[in-house]
Amino acid sequence: MRFRLDVRPLDLDLTLGCGQVFRWRRRNDGSWRGVLSDQVVTIRNDPGGCLVEATPGRRGAKPLVHDFFRATDDVRRIQRRLGRDPVLAGGVAQFKGLRIVKMDEWECLVSYMLATYANIPRITKMVDALAVGFGDRISDGLHSFPTIEELGRASLADLQRCGLGYRAKYVHEACRAIERTGIAELGRLPYEELREELTKLPGVGDKVADCVSLFGFGKTESFPIDVWIERALGRLYHQKGSYRKLRAFASERFGEYAGYAQEYLYFNERVRAADAACAFSRR
DNA sequence: GCCCAGGAGTGTG
DNA sequence: CACACTCATGGG
């Protein structure tokens, strides 16, 4: 199936390329390929909006891709509002096509549990290993992300063989916990209650709970604070202190779309660091 | 070889 | 509440 994706603005490299999702690959021709549910989806930039190709699946590819890119977000309006903050204005202008994505809740939960104390290439590798090991094969080397039941069948040793290290037991226990409560039930909770429930899971602290709330459950008011954001808040807003304190500041300052503000700050900080490293090695 | 990673859990002051 | 230490590994 092929169709044109009318979601704008959308910059694939920004949105899929750095740290939000871990299972999308940029191909040599600049297109991106990933798996949504049970479908392999390929997206390429095109003057009239992105072109999408998808393998057949249970659900139509169109609503799948639409939901994934949060097509109903009025990103321009969000950017106008956040851009009134002079500190944020630069990032908003620089990252116009950056969108928050809506991942599958379960895949998001597991992915960010794996993200603790690991860098992005490694997170990618771990998530891929789980898909290959326990997901369903779709086509040439591409697998769906394992369901709760599929991953639940993996033993602790199985998970450790995927290179999860100490995270294996967290994932293993999370399967049991979510099999009990159900992921859909969590989705009905408002943000504050959701993050509280998520934090009860082993291996899920404040930061992971906020990432999962934002990228998995679509709570745009969530503001995950990692080392990069902590740095940015200190440098740009002179805010320091506990997670609770920084979170309160972000909520007050950025409101219901704090998640978008977080992405602009995150990317800005990473680009900055890359530039600094670059300038240093060029010397 | 060395350093550190989109942190979390646990224990201590 | 603030800090320290550990956790298991691999990518740069």
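Sequence lines set the chain letters: A, B, ... in the order given, protein chains first and strands last, and positions in each chain run from 1.
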(request) Before accepting this row, confirm whether a basic side-chain N of the pair A/Asp74/A/Arg76 lies closer than 4.0 Å to the acidic partner's carboxylate O. (result) no
(request) State whether the distance check finds a donor on one side and an acceptor on the other, under 3.5 Å, for side chain A/Tyr266 versus base B/dG6. (result) yes
(request) Verify, without hydrogens or angle tests, whether A/Arg70 (side chain) and A/Arg99 (backbone) share a donor-acceptor contact under 3.5 angstrom. (result) no
(message) Please give the distance between the C1' atoms of B/dG6 and C/dA4 as a whole number of Å.
(response) 22 Å
(request) Check whether any side-chain heavy atom of A/Leu159 sits under 4.5 Å from a side-chain heavy atom of A/Leu130, and report yes or no. (result) yes
(request) Let me know the distance between CG of A/Leu233 and P of B/dG6, rounded to the nearest Å. (result) 18 Å
(request) For C/dA8 and B/dG1, measure between their P atoms and round to the nearest Å. (result) 23 Å
(message) Students often mix this up, so state it plainly: with edges at 30° and 60°, are the rings of A/Tyr257 and A/Tyr260 parallel, tilted or perpendicular?
(response) perpendicular
(request) Please state how far atom NZ in A/Lys207 lies from atom C1' in B/dA8, giving the value in whole angstrom units. (result) 11 Å
(message) Expressed as a whole number of angstroms, how long is the span from A/Lys200:NZ to B/dG9:C1'?
(response) 18 Å
(message) Using whole Å, what does the distance between atom P of nucleotide B/dG6 and atom CD1 of A/Ile229 come to?
(response) 13 Å
(request) Answer yes or no: is there a side-chain heavy-atom contact under 4.5 Å between A/Val171 and A/Met126? (result) no
(request) Could you check how far CG of A/Asp206 sits from P of B/dG7, rounded to whole Å? (result) 13 Å
(request) Would you mind reading off the distance between A/Met126 atom CE and B/dA5 atom P, rounded to a whole angstrom? (result) 14 Å
(request) Could you tell me whether the side chain of A/Ser222 and the main chain of A/Asp210 form a donor-acceptor pair under 3.5 Å? (result) yes
(request) Give the first and the last nucleotide of DNA chain C, reading 5' to 3', that has any atom under 4.0 Å from a heavy atom of chain A. (result) C/dC1 to C/dG12
(message) For a quick check of understanding: with a heavy-atom distance under 4.0 Å over all strands, which category does A/Leu201 fall into, base, sugar-phosphate or nothing?
(response) sugar-phosphate
(request) Write down the distance between CZ (A/Arg122) and P (B/dA5), rounded to a whole number of angstrom. (result) 14 Å
(message) Regarding A/Asp85 and A/Arg253, does a basic nitrogen lie under 4.0 Å from an acidic carboxylate oxygen?
(response) yes
(message) Within residues 159-173 of chain A, which residues have any heavy atom lying less than 4.0 Å from an atom of DNA chain B?
(response) A/Tyr166, A/Tyr170
(request) Could you say whether A/Val208 or A/Arg231 is positioned toward the 5' end of DNA chain B, judged by the nucleotide with the nearest heavy atom to each? (result) A/Arg231
(request) Look only at the side chain of A/Lys102 and the backbone of A/Gly216, and say whether a donor-acceptor pair between them is shorter than 3.5 Å. (result) yes
(message) Using whole Å, what does the distance between atom P of nucleotide B/dG6 and atom CZ of A/Phe22 come to?
(response) 9 Å
(message) Please compare A/Gly203 and A/Trp228 by the position of their nearest nucleotide in DNA chain B and report the one closer to 5'.
(response) A/Trp228
(request) Indicate, with a heavy-atom threshold strictly under 4.0 Å, whether A/Glu263 touches base, sugar-phosphate, or nothing. (result) base
(request) Could you tell me whether A/Arg244 contacts a base, only the sugar-phosphate backbone, or nothing, with contacts defined as non-hydrogen atoms closer than 4.0 Å? (result) sugar-phosphate
(message) Donor-acceptor pair, distance only, cut-off 3.5 Å: does the side chain of A/Glu269 make one with the backbone of A/Trp228?
(response) no
(message) Tell me if a side-chain donor or acceptor on A/Gln39 pairs with a main-chain N or O of A/Thr55 at a distance below 3.5 Å.
(response) yes
